[in-house]
Amino acid sequence: PDRIMGALSHPTSGIFTEALLVGCLCVCVVVYLVLVKREAGAGARKAVAVIGAVFGVLLSFMAGESYLMEARPNWCSQLLPLGYLLTAVPEGIAAYLVVVAAKAKDADVAPYGRALLIGGVLGAAGAAAYVLWAGPADGVQWALLAVAVIGAGPAGLSVAVRLNAKGYEVTLFDSKPMPGGLLRYGIPNFKLDKAVIDRRMKILEAEGILFKMGVHVDVQKLPAGFDAYAICTGTPTARDLSIPGRELKGIYFALDMLAQQNHILDGDTFPKDQLVNARGKRVLVIGGGDTGNDCVGTAIRHGCKSVVQLEMMPKLPDTRAESNPWPEWPRVCKTDYGQEEAIAVFGHDPRIYQTTVKRFIKDDKNHVRAVETIKLQSVHDPKTGRMRMEEIEGSEQILDADLVLIAAGFLGAQAYVTDAFGVETTPRTNVSTKIGHYSTSVEKVFTAGDMHRGQSLVVWAIREGREAAKEV
């Protein structure tokens, strides 16, 4: 439904056009069969068959373009016309069978059905001739141009895939030993099996994308020999908490545990004093988003003694409010897999709403043993006109905790990267571009993903990578 609604809201999109053509072809088939059943004149049947043939030919072109953009490997980047020709054949055959073979005995119309197949192939050949004469769309040159993509997360991979499909020579650089970014080192294995990533990376490598993993790119002296650079290094810097006791042992960022766990499952080892393990511990997770939820699920799998998750915002209603009707996004309370598992293991929801941490309390070994929390309330700020969270005096509470995981989100792009490239940034330290564009303030340097739009979802990183590739 989301895909259909998206197509209807973007009438120029490929899926909308394909759906329209398929619908028109189906209408032609139905009308044709009705005419045959009513023994209508040959002229009417011929007219419907010819119209159906036109829709079939157009559909073959759409299928050819989709095939070339989504599935064409790099080694045949110069075979664009052949791709159109080859993909027209199966579409032409299918349309021929649908329109004509339904009533094979209709001798008056059969020649027009055969013309559908021939027309599809000849039409594709004409498109091929045009492509050879005019060249590829969007200004892409036939000669290979080299592009360096720095950052092999979902945004960088998306840029690389699209440029590689266009015939560019793409090299991916990343400081991590394996590609995938947060897909590999942030999302737990029980949520995303890394075999899925490995399988896709093998395909990309076979298609011609070059991977330079474990390479710390010196942004002061970028790799030479590239015609453009796409920086997609994300927002790896976690948001910290500036409260008393933050320096105590046993307090970590969420990714310290999540990334380490994925490394361990990948066969890596760590010294005992560097392990972030929740076995037998009272775990406190600060943050109610997806990352905090992953921390809850991982802590349970480690065998924690208890787990509590703090959220600053109020609990959303269990059902839609009157001010939140369909088809708006439902602003209702959702219980994700982490909370469901905590309820199953410990018998209650781990979340405590409208609560934040005031200070960390230490034991005699300078290790965290508890936290002091305080309740929050939402109040109207007359200066800004917005609601803000305010502490409620006298609502302090002590919660035992010997492992604290901070999942309070991530900051903008890394300063040393943006400074080295000399690109302009927004007040939130994301890389600045014109609205709807991905070229930075520096010529031939592009960006996409979290470092461009801020902390967001994987699907947004993929979408931004595709759009950035077009601009490159």
Side-chain angles (χ1 to χ4, degrees), residues 191 235 238-246 251 253-255 258 282-300 304 306-361 370-401 403-411 428 453-457 460:
K191 193 174 180 181
T235 55
R239 180 177 284 107
D240 207 345
L241 300 178
S242 299
I243 56 179
R246 172 62 183 87
I251 303 174
F253 290 118
L255 280 184
L258 297 177
R282 298 163 297 182
V283 179
L284 178 74
V285 179
I286 303 175
D290 289 337
T291 305
N293 180 62
D294 291 340
C295 288
V296 172
T298 302
I300 291 174
C304 63
S306 64
V307 61
V308 173
Q309 186 177 12
L310 301 184
E311 294 199 26
M312 292 183 62
M313 303 306 295
K315 181 180 181 294
L316 292 173
D318 293 323
T319 58
R320 283 181 181 269
E322 291 185 2
S323 58
N324 179 219
W326 185 90
E328 290 182 359
W329 179 263
R331 296 192 72 256
V332 297
C333 181
K334 297 179 178 65
T335 301
D336 214 327
Y337 77 91
Q339 290 92 31
E340 289 177 346
E341 292 174 355
I343 293 170
V345 174
F346 301 111
H348 61 85
D349 195 314
R351 291 171 289 188
I352 301 177
Y353 296 94
Q354 292 182 258
T355 303
T356 191
V357 176
K358 286 198 70 174
R359 66 185 178 98
F360 298 105
I361 303 172
V371 298
E372 181 182 340
T373 66
I374 189 168
K375 287 289 185 180
L376 303 172
Q377 61 181 350
S378 181
V379 298
H380 181 264
D381 189 337
K383 293 182 179 180
T384 63
R386 299 180 178 179
M387 303 299 291
R388 61 181 176 85
M389 302 306 290
E390 186 178 85
E391 294 183 357
I392 302 176
E393 292 186 12
S395 64
E396 292 85 356
Q397 183 181 2
I398 302 298
L399 296 177
D400 293 333
L403 176 61
V404 176
L405 301 169
I406 301 174
F410 299 88
L411 302 176
R428 293 191 174 187
R453 67 179 289 114
Q455 176 192 350
S456 189
L457 302 175
W460 268 117

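- Between T319 and V332, the shortest heavy-atom contact is C-CG1, 3.5 Å.
- Atom CH2 in W329 sits 9.5 Å away from atom CZ in R320 (nearest 0.5 Å).
- Applying side-chain contact (heavy atoms from CB on, under 4.5 Å) to V404 and the options L310, I251, L241 leaves one that passes, I251.
- The heavy-atom pair separating Y353 from C333 by the smallest distance is OH-SG, 3.8 Å.
- The two residues E341 and G297 come nearest to each other via the heavy atoms OE1-CA, 3.8 Å.
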Taking distance alone, no hydrogens or angles, what donor-acceptor pairs closer than 3.5 Å link side-chain atoms of residues 283-295 to residues at least two apart or in another chain?
residue: N293; atom: OD1; partner: G338; partner atom: N; Å: 3.0
residue: N293; atom: OD1; partner: Q339; partner atom: NE2; Å: 3.4
residue: D294; atom: OD1; partner: K191; partner atom: NZ; Å: 3.0
residue: D294; atom: OD1; partner: Y337; partner atom: OH; Å: 2.5

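- Side-chain contact between I374 and E396: present, with at least one pair of heavy atoms (C-beta onward) separated by less than 4.5 Å.
- Considering M313, E311, M312 as possible partners of L376, the one that fulfils the side-chain contact (heavy atoms from CB on, under 4.5 Å) test is M312.
- Looking at heavy atoms from C-beta onward, I352 lies in side-chain contact with L399 at the 4.5 angstrom threshold.
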Take S378 and M389, measure what side chain to side chain contact (heavy atoms under 4.5 Å, CB included) needs, and give me the verdict at the end. CA-CA 5 Å; S378 181; M389 302 306 290; 4.0 Å; yes
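- The neighbour count for R239 CZ, taken as heavy atoms of other residues, nucleotides or ligands under 6.0 Å away, is above 12.
- Note that OG1 of T355 and CD of Q397 are 7.5 Å apart. Values are rounded to the nearest 0.5 Å.
- Nearest heavy-atom pair, F253 versus A238, reported as atom, atom and distance to 0.1 Å: CD2-CB, 3.5 Å.
- Contact between P244 and K358 at its shortest, heavy atoms only, is CD-O, 3.5 Å.
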Kindly indicate, with the supporting measurements, whether the criterion side chain to side chain contact (heavy atoms under 4.5 Å, CB included) is fulfilled by R351 and T335. CA-CA 10 Å; R351 291 171 289 188; T335 301; 3.1 Å; yes
Could you check S323 against R331 for side-chain hydrogen bond (donor to acceptor under 3.5 Å, both in side chains), going step by step and ending with a plain yes or no? CA-CA 10 Å; S323 58; R331 296 192 72 256; over 6 Å; no
For I243 and T356: C-alpha separation, side-chain torsions, deciding distance, then whether side chain to side chain contact (heavy atoms under 4.5 Å, CB included) applies. CA-CA 11 Å; I243 56 179; T356 191; over 6 Å; no
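- Take R453 and apply the side-chain hydrogen bond (donor to acceptor under 3.5 Å, both in side chains) test, not counting sequence neighbours, and it matches S456.
- Q354 contributes atom CD, which lies 7.0 Å from atom CD1 of I392 (distance to the nearest 0.5 angstrom).
- Within the structure, every pair that satisfies the salt bridge (charged side-chain N to carboxylate O under 4.0 Å, His left out) test and touches residues 375-393, not counting sequence neighbours, is listed here: D381-R388, R388-E390.
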